[in-house]
Amino acid sequence: MQNAMLSQRLLAGVIAVFAITTASVAAMAQSSLTNQGGDQTAKEIERYRQALGDGNPAELWEARGEDLWKQKRGPKNVSLEQCDLGLGAGMVKGAYTVLPKHFEDSGKVEDLESRLVTCMVMLQGFSYIEAKKNPFGGPDNKSSMEALVAYIAGASRGLKMNVSGKQPDEKRYYELGKKMFFHRGGTHDFSCSTCHGASGQRIRLQDLPNLLKQDQAQRAYTTWPAYRVSQGETRSFQWRLYDCFRQQRFPELEFTSEASIALTMFLAKNANGGVMNAPAIKR
Amino acid sequence: MNLIKALGVIIVFSFSDAAFSAPAKMDPKNDFAAKDATSIAAQEMMRNSFKTRGQASVDRLNQDETQALCSQYQDNPPKSVRAKIEAINQKLLKYPADGKLLGDWKEGEKIAQSGIGKQFTDNPDNPSGGNCYACHQLTKTELSYGNLGPTLYNFGKVRGYSEAITKYAYGKIANSQAFSACSNMPRFGNAGTHGVILTEKEIKHLTALLMDPASPVNN
């Protein structure tokens, strides 16, 4: 099996990667302690990448995701291969570029993650609770969701974002997402716009994309999901929103909640025309 | 620094879908959120999409008048609204009863460095930081600073160590929007309807960081 071979090759690679991660993380930590700044961190990530031979550990998630997609699973013992991700049953290539989208069968606007939940429920017979559990993996519990997301997003590499947003509910979600982008609240008065509403801004040394500018929105959106060097995990866009809301001092965003999908609709549509290049590799 | 923080933040997320959390109830006394149809729908959607975790309760989605107006005008309100917001916050702004505005700059520097506080992953028993370096340059030695706000290096030296500037510095930290409506800077001493981020004593330390001639900010 092609996948098994890929996994083996990557596994060998990963042992090397762990060694490098430890080394470069130490180097990065060192570099910020000695105030070498963000350039240094960027350089370290570049070095890390080259050490991998331009590889990306996210490939492991992609391979696992492909296996999960094809595996017969759940109470009904069927694979996800008949799942309609927006381009018709079983079409994986390009699917990420048209999401979020309204689906007739569920009657809802869905992003990739919520669509996968729907398919796991409708096709494979999982309960909603079962399908939504463990959305973000950790060291000892790899997330199936993050693997599936990596595989499906990866199958859109090189293709342009092309979210329609024309259906009435899609339009409504876009407008609601936009409202949320500017919704200030909590202890710190933050909104998304505080950190992502102007160009050239930094928090400490981390560059913040202006998500209201097309080119920056495109660059940000098309590089998620992403392998995060600092976490050793491949993270989904749902995770990105979840963690930004945490930094915003908001309560906890529920996985695949309506607000998360509306905000994703706003950001994905603003990124239309951008060429997908995910999973990327990030700090 | 950042990386160490990021590593510290690698949490194992545990989710219990079974744990039912009731949608947040709006308290009409402290909710000024806009009442147009889209805004109402957005607030409703948000109330159904978040759950209280740790100290970050769903009440944080509620807006005081300042937050509501700034959201409504996407942080760029017309002049009259601007004046209104500044007036609201001037009223909220309280100076120390003992009349002393300056603490210890060394304590201030620690508070300026600390990004801890108010997130659902933070222990509420630990004091919050000011995280000033996230947005400001303050000293010559700390190069890991953000630029959402202007540089504060030489703040006291350039403006003069006067009573008036000291008072402004204290007031600005306690309530930035008393001076500029819809500022991106948190109101550290008047955090909307959601309590305070920094205590009076901590704000005094920070004022000293900016205003003490011996502080690294002025050297």
Side-chain angles (χ1 to χ4, degrees), chain A residues 25 28-29 32-33 35-38 41 128-129 132-136 138-141 172 175-176 179-180 182-191 193-195 197-198 200-206 208 228 230-233 245-247 249-255 257-260 262 283, chain B residues 1-4 6-7 10-13 15 17-18 24 38-39 41-43 45-46 48-53 56-58 60-63 66-68 70-72 74-75 115 117-121 128 133-135 141-148 177 184 186-187 191-192 194-197:
Chain A
V25 159
M28 278 191 263
S32 10
L33 284 177
N35 292 318
Q36 294 293 306
T41 309
Y128 268 103
I129 288 172
K132 290 207 295 187
K133 90 172 192 226
N134 201 21
F136 313 133
D140 300 319
N141 77 51
R172 191 167 63 85
E175 290 307 321
L176 295 177
K179 272 274 176 250
M180 290 171 200
F182 292 100
H183 183 96
R184 297 182 73 158
T187 53
H188 284 56
D189 296 335
F190 287 159
S191 68
S193 176
T194 308
C195 295
Q201 295 195 139
R202 282 188 341 250
I203 289 266
R204 288 271 183 168
L205 294 172
Q206 293 157 41
L208 301 166
R228 305 250 320 170
S230 56
Q231 301 192 323
E233 293 289 336
F245 272 123
R246 181 179 62 83
Q247 295 182 62
R249 275 75 177 178
F250 272 37
E252 185 175 52
L253 181 68
E254 293 201 58
F255 182 64
S257 57
E258 287 187 307
S260 70
R283 187 181 73 81
Chain B
M1 262 310 269
N2 288 334
L3 208 92
I4 291 173
L7 283 169
I10 303 174
I11 335 138
V12 179
F13 300 98
F15 279 76
D17 273 75
T38 313
S39 297
Q43 290 146 29
M45 194 182 252
M46 291 178 87
N48 293 327
S49 299
F50 288 84
K51 59 187 173 202
T52 294
R53 179 166 159 194
S57 95
V58 285
R60 289 195 186 175
L61 299 168
N62 296 0
Q63 295 181 312
T66 300
Q67 292 170 334
C70 293
S71 303
Q72 185 186 335
Q74 302 188 352
D75 297 326
K118 305 293 187 197
Q119 300 181 2
F120 57 66
T121 43
S128 295
Y133 283 104
C135 300
T141 45
E142 180 52 274
L143 297 180
S144 174
Y145 59 82
N147 65 358
L148 258 78
Q177 298 203 45
N184 279 340
R187 293 170 287 169
H194 307 287
V196 300
I197 303 168

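Every chain is numbered from 1, with letters handed out A, B, ... down the list of sequences. Just so it is clear, the structure is predicted and the values come from calculations on it, not from any experiment.
With a threshold of 4.5 angstrom between heavy atoms, B/S57 approaches chain A through N, CA, C or O but not through any side-chain atom. Contact of A/A262 with chain B is made through the side chain alone, with heavy-atom distances under 4.5 Å. Contact of B/D75 with chain A is made through the side chain alone, with heavy-atom distances under 4.5 Å. The contact between B/I197 and chain A is made entirely by side chain atoms (from C-beta outward), counting heavy-atom distances below 4.5 Å.
A/D189 is listed as a side-chain neighbour of B/Q177, based on a closest heavy-atom distance under 4.5 Å.
B/C135 meets the disulfide bond (SG atoms under 2.5 Å apart) test with no other residue; sequence neighbours excluded. Partners of B/Y145 by ring-ring contact (aromatic ring centres under 6.0 Å, His included), not counting sequence neighbours: none found.
Ranked by heavy-atom pairs shorter than 4.5 Å toward chain B, the options A/R184, A/M180, A/Q201, A/K179 are led by A/R184. Put simply, of B/S71, B/G117, B/A56, the one with the most heavy-atom pairs under 4.5 Å next to chain A is B/S71.
Ion pairing between B/E142 and A/R204 holds under the 4.0 Å rule for side-chain N and carboxylate O.
Taking CD of A/E233 as the start and CZ of A/F136 as the end, the distance is 11.5 Å to the nearest 0.5 Å.
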